[in-house]
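First the proteins, then the strands, lettered A, B, ... as listed; each starts at 1.
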Protein chains: 2
Amino acid sequence: MKGDAFDPDCPTRLILDRIGDKWSVLVVLGLTGGPRRFTELRGLIGGVTPKVLTQTLRAMERDGLLTRTIFAEVPPRVEYALTPLGASLRRPIEAIAAWAEENVEAVVSARDRHDALA
Amino acid sequence: MKGDAFDPDCPTRLILDRIGDKWSVLVVLGLTGGPRRFTELRGLIGGVTPKVLTQTLRAMERDGLLTRTIFAEVPPRVEYALTPLGASLRRPIEAIAAWAEENVEAVVSARDRHDALA
DNA sequence: TCCATTGGTACCCTTCGGAAACCATGAAGG
DNA sequence: CCTTCATGGTTTCCGAAGGGTACCAATGGA
């Protein structure tokens with residue numbers, strides 16, 4: 001931690017913005033079990049619309065986090081798979097997810113307590 | 001990882017959304033060295049506007065991640081400090097930040113390569 | 001009297017995320 | 001020959017959220 005993440009022009013911020021996208025996090029988690037097709041991912045990740053999923057996947061492909069492979073078949077088949085770079089994100093992301101699961105209750109009760117005296 | 005983070009109604013998603021807020025991450029990092037005042041944080045975190053910083057701090061207070069202490073002085077003084085719950089977020093957040101710093105170069109070069117053939 | 005400091009608000013505008021509808025391809029079925 | 005179906009998106013529209021700038025209240029000090 002060199003602290004330069006505070007500088008808005010530091011590229012590290014750029015990464016935080018990408019990870020800050022909740023869908024990217026879920027895509028990484030969704031692809032940990034191996035390659036998946038568009039519709040598969042769409043079903044796996046509840047609540048994502050096709051437009052936003054496309055945007056997310058394109059951006060992650062652009063950043064080298066995953067590959068997009070088109071098979072010239074009918075009906076069309078497109079597979080998404082994590083690159084080694086994308087796979088290396090799993091560990092920190094799972095750390096966040098684990099924290100979330102452990103502390104959901106504390107956060108929710110804090111929120112309820114706060115709302116109670118509002 | 002129970003996998004229920006994929007369920008949009010799972011409270012874990014709620015946490016991911018909060019962490020997904022890039023400003024929250026930077027606030028946690030900014031408060032690791034001890035309590036700070038509003039203007040201090042504002043200066044430390046480059047590029048944040050007062051409105052958004054206020055929103056972020058209020059939401060984090062609501063969720064029990066930090067405390068907001070007002071001193072009845074003139075000029076007014078307000079200190080923000082991490083709660084134990086908020087402090088426990090440091091470890092996973094620093095893991096993400098470390099990943100970002102290690103892999104910034106790879107991501108940026110992937111992006112450049114992609115843009116080159118566009 | 002006028003100014004400076006602090007911790008915000010109020011206002012406005014641009015952008016982004018989300019919902020719903022639509023589309024091109026081509027094999028398969030009738 | 002015409003229709004149907006599946007896939008992997010795209011297009012359009014809308015409301016909400018993000019962000020920039022200006023401003024404010026309180027009070028001590030010059």
Side-chain angles (χ1 to χ4, degrees), chain A residues 6-10 13-14 16-27 30-31 34-63 66-81 114 118, chain B residues 5-10 13-27 30-31 34-63 66-81 114 118:
Chain A
F6 294 123
D7 178 0
D9 296 327
C10 171
R13 277 284 274 274
L14 187 149
L16 287 179
D17 287 357
R18 165 135 334 288
I19 298 180
D21 177 18
K22 66 181 169 185
W23 299 122
S24 297
V25 169
L26 293 173
V27 165
L31 290 180
R36 287 191 185 271
R37 306 175 59 175
F38 186 85
T39 313
E40 245 179 326
L41 269 177
R42 184 154 132 70
L44 184 62
I45 304 175
V48 67
T49 60
K51 180 181 109 175
V52 174
L53 184 55
T54 299
Q55 285 173 351
T56 302
L57 291 170
R58 292 286 206 278
M60 292 177 72
E61 183 196 11
R62 182 179 128 112
D63 288 349
L66 54 78
T67 58
R68 179 169 178 268
T69 310
I70 307 170
F71 296 86
E73 303 174 358
V74 164
R77 185 159 63 98
V78 179
E79 274 191 359
Y80 295 92
H114 184 95
Chain B
F6 293 123
D7 178 1
D9 296 327
C10 170
R13 276 283 275 273
L14 186 149
I15 308 294
L16 288 180
D17 287 356
R18 164 136 334 288
I19 299 179
D21 177 17
K22 65 180 169 185
W23 300 120
S24 297
V25 169
L26 293 173
V27 166
L31 291 179
R36 285 190 186 272
R37 305 175 59 174
F38 186 85
T39 312
E40 243 178 327
L41 268 178
R42 183 152 132 69
L44 185 61
I45 303 175
V48 67
T49 61
K51 180 181 115 180
V52 174
L53 183 56
T54 299
Q55 285 173 351
T56 302
L57 292 171
R58 293 286 206 279
M60 291 176 73
E61 183 195 11
R62 182 180 128 113
D63 288 349
L66 54 79
T67 58
R68 179 170 178 269
T69 310
I70 307 170
F71 297 86
E73 304 173 357
V74 164
R77 185 159 63 98
V78 179
E79 275 191 358
Y80 294 93
H114 184 94

- What heavy-atom pair brings B/P35 and B/E79 nearest, and what distance separates the two atoms?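 Heavy atoms only, the tightest pair is CB-OE1, 3.9 Å.
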- Message: Please give me the minimum heavy-atom distance between A/V48 and A/R42, naming the atom from each residue.
- Response: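 That closest heavy-atom pairing would be O-NH1, 3.8 Å.
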- Which residues within residues 36-46 of chain A lie with some heavy atom under 4.0 Å of an atom in DNA chain D?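 Those residues whose heavy atoms fall under 4.0 Å from DNA chain D, taken from residues 36-46 of chain A in numerical order, are A/R37, A/F38, A/T39.
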- Quick one, which residues of residues 50-63 of chain A touch DNA chain D with a heavy atom under 4.0 Å?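 Hits under 4.0 Å, by residue number: A/P50, A/K51, A/T54, A/R58.
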- Item | 5' precedence on DNA chain D between B/P76 and B/V48 (nearest-nucleotide basis) |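 The 5'-side residue here is B/V48.
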- Message: Mind checking if B/Y80 touches a base, just sugar-phosphate, or nothing, with heavy atoms under 4.0 Å?
- Response: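 Contact class for B/Y80: sugar-phosphate only.
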- After noting the C-alpha distance and the side-chain angles of A/T56 and A/L26, does the key distance pass the side chain to side chain contact (heavy atoms under 4.5 Å, CB included) rule? CA-CA 10 Å; A/T56 302; A/L26 293 173; over 6 Å; no
- Decide yes or no for B/L57 and B/R68: does some side-chain heavy atom of the first lie under 4.5 Å from some side-chain heavy atom of the second?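 No, every pair of side-chain atoms sits at 4.5 Å or beyond.
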- Item | Side-chain heavy-atom pair B/L31, B/L41 within 4.5 angstrom cut-off |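 Result yes, sub-4.5 Å side-chain heavy-atom pair found.
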Looking at residues at least two apart in the chain, or sitting in another chain, which of them share a side chain to side chain donor-acceptor pair (under 3.5 Å) with [X]?
{"X": "B/Q55", "result": "none"}
{"X": "B/R13", "result": "none"}
{"X": "A/R58", "result": "none"}

- Query: Does B/W23 place a side-chain N or O at less than 4.0 Å from the phosphate oxygens OP1/OP2 of D/dG19?
  - Reply: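 Answer yes for this pair, as a side-chain N or O of B/W23 is under 4.0 Å from OP1 or OP2.
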- Does B/R77 put a side-chain nitrogen or oxygen below 4.0 Å from OP1 or OP2 of D/dT27?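 The answer is no; no side-chain N or O of B/R77 sits under 4.0 Å from OP1 or OP2.
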Nearest-0.5 Å distance, [atom1] of residue [X] to [atom2] of residue [Y]:
{"X": "A/I19", "Y": "A/L14", "atom1": "CD1", "atom2": "CG", "value": "10.5 Å"}
{"X": "A/L53", "Y": "A/Y80", "atom1": "CG", "atom2": "OH", "value": "7.0 Å"}
{"X": "A/L44", "Y": "A/R36", "atom1": "CG", "atom2": "CZ", "value": "5.0 Å"}

- Task: Provide, to the nearest angstrom, the distance between the CD atom belonging to B/E73 and the C1' atom belonging to D/dT27.
- Result: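 Rounding to the nearest Å, CD of B/E73 and C1' of D/dT27 are 13 Å apart.
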- Query: Roughly, in whole Å, what's the span from CG in A/D21 to C1' in D/dA17?
  - Reply: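 The answer, rounded to whole Å, is 15 Å.
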- Message: Going 5' to 3' along DNA chain C, between which two nucleotides do contacts with chain B fall, using a heavy-atom cut-off of 4.0 Å?
- Response: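 Boundary nucleotides touching chain B, in 5' to 3' order, are C/dT5 to C/dC11.
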